[in-house]
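One structure is given below, encoded as structure tokens.
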Amino acid sequence: QVQLVESGGGLVKAGDSLRLSCAASGRTFSSYAMGWFRQAPGEEREFVAAVSRSGILTDYADSVKGRFTISRDNAKNTVYLQMNSLKPEDTAVYYCAARNSVTDGRNVLAYDYWGQGTQVTVSS
């Protein structure tokens, strides 16, 4: 069982940066691959970024590639999402998630545990 708690969301202007954090409970954090997803009002939850168990491998949605960076600190049981050059279309609730599987990092259904989400609002 893993419990995930996101933090770091807020209201920013276009071009600003934010760093989201996701703290995980339990002593098996390093056995889970992690991902960030987001969901805007009226939209489906969409993949943003994923990181492997070791933190070496990462994957990004095309819409955030070059602007967002996912990382993890297994000693602190925490995964991060550094978001730079934010755009109004990045506005959404951001969720972190943990999965046991080593594949399907972009698939919502592949994830076993989810946080409660943190709101990110980017004004123009």
Side-chain angles (χ1 to χ4, degrees):
Q1 188 81 8
V2 176
Q3 292 183 328
L4 305 171
V5 180
E6 301 97 334
S7 62
L11 172 62
V12 296
K13 296 180 180 179
D16 285 351
S17 298
L18 275 177
R19 188 175 83 155
L20 306 183
S21 299
C22 174
S25 65
R27 292 178 285 182
T28 59
F29 176 70
S30 61
S31 67
Y32 293 91
M34 301 296 295
W36 285 97
F37 290 76
R38 66 187 182 186
Q39 188 167 19
E43 302 290 332
E44 293 187 352
R45 194 167 297 190
E46 65 172 4
F47 169 74
V48 174
V51 62
S52 62
R53 297 167 180 172
S54 66
I56 293 175
L57 299 177
T58 57
D59 186 27
Y60 297 93
D62 288 344
S63 59
V64 307
K65 197 173 294 183
R67 299 188 298 122
F68 291 12
T69 302
I70 188 171
S71 62
R72 66 189 296 164
D73 185 337
N74 286 342
K76 295 183 178 180
N77 282 13
T78 302
V79 62
Y80 304 98
L81 185 68
Q82 177 67 44
M83 305 186 295
N84 298 330
S85 302
L86 282 161
K87 304 175 181 180
E89 51 262 44
D90 294 319
T91 295
V93 177
Y94 283 71
Y95 298 89
C96 74
R99 74 182 194 276
N100 284 297
S101 71
V102 296
T103 59
D104 291 338
R106 295 186 173 212
N107 187 349
V108 169
L109 299 178
Y111 287 80
D112 304 288
Y113 302 101
W114 291 84
Q116 83 289 349
T118 186
Q119 177 71 47
V120 172
T121 303
V122 185
S123 64
S124 57

Heavy-atom side-chain proximity of Tyr32 to Asn74 below 4.5 angstrom: no

For salt bridge (charged side-chain N to carboxylate O under 4.0 Å, His left out), just list the numbers for Asp90 and Lys87, CA-CA rounded to whole Å, side-chain angles, deciding distance to a tenth of an Å, and then say yes or no. CA-CA 5 Å; Asp90 294 319; Lys87 304 175 181 180; over 6 Å; no

Flag side-chain contact, heavy atom, 4.5 Å: Trp36 against Val79: yes

Please say yes or no: joined through hydrophobic side-chain contacts below 4.5 Å, possibly via intermediate residues, are Met34 and Tyr113 part of one cluster? yes

If I compare all heavy atoms of Ala49 with all of Leu81, which pair ends up nearest, and what's the gap? CB-CD1, 4.2 Å

Where is the tightest heavy-atom contact between Cys22 and Leu4, given as atom of each residue plus distance? SG-CB, 3.8 Å

Hey, what do you get for CZ (Arg45) to CG (Leu109), rounding to the nearest 0.5 Å? 11.0 Å

Is the side chain of Glu6 donor-acceptor paired with the backbone N or O of Gly117 at a distance under 3.5 Å, no angle test? yes

As an exercise, state the distance from OH of Tyr95 to CD of Gln39, rounded to the nearest 0.5 Å. 5.0 Å

Inspect the surroundings of CD in Gln3 and state if more than 12 heavy atoms from other residues, nucleotides or ligands are less than 6.0 Å away. no

Grouping I, L, V, M, F, W and Y whenever their side-chain heavy atoms are under 4.5 Å apart, do Tyr60 and Tyr94 come out in a common cluster? yes

When the ring planes of Phe47 and Phe37 are compared, do they come out parallel, tilted or perpendicular, using 30° and 60° as the limits? perpendicular

Between Lys13 and Ser123, is any pair of side-chain heavy atoms under 4.5 Å apart? yes

As an exercise, state the distance from CZ of Arg72 to OG1 of Thr58, rounded to the nearest 0.5 Å. 12.0 Å

Test item: Thr121 side-chain N/O and Thr91 main-chain N/O as donor-acceptor pair under 3.5 Å: no

Looking only at non-hydrogen atoms, find the nearest pair between Ser124 and Pro88 and report the distance. CB-CG, 3.9 Å

Donor-acceptor pair, distance only, cut-off 3.5 Å: does the side chain of Asp112 make one with the backbone of Asn100? yes

Is Asp16 close to Met83 at the side-chain level, that is, under 4.5 Å between some pair of heavy atoms? no

Is there a side-chain contact between Phe29 and Val2 (heavy atoms, below 4.5 Å)? no

With heavy-atom distances below 4.5 Å as the criterion, would you say the side chains of Lys76 and Ser21 are in contact? no

Could you tell me whether a side-chain N or O of Arg99 sits under 3.5 Å from a main-chain N or O of Val108, the two making a donor and an acceptor? no

Should Val64 and Tyr80 be regarded as members of a common hydrophobic cluster, given that ILVMFWY residues are connected when their side-chain heavy atoms come within less than 4.5 Å of each other, either directly or indirectly? no

Please check this pair: side chain of Arg53 against backbone of Ser31, looking for a donor-acceptor N/O pair closer than 3.5 Å. yes

Are Leu20 and Leu86 connected, step by step, through hydrophobic side chains (Ile, Leu, Val, Met, Phe, Trp, Tyr) whose heavy atoms are closer than 4.5 Å? yes

Result for side chain to side chain contact (heavy atoms under 4.5 Å, CB included) between Arg38 and one of Val48, Thr118, Val93 points to Val48

Heavy-atom distance under 4.5 Å between the side chains of Asp104 and Tyr111, does that happen here? no

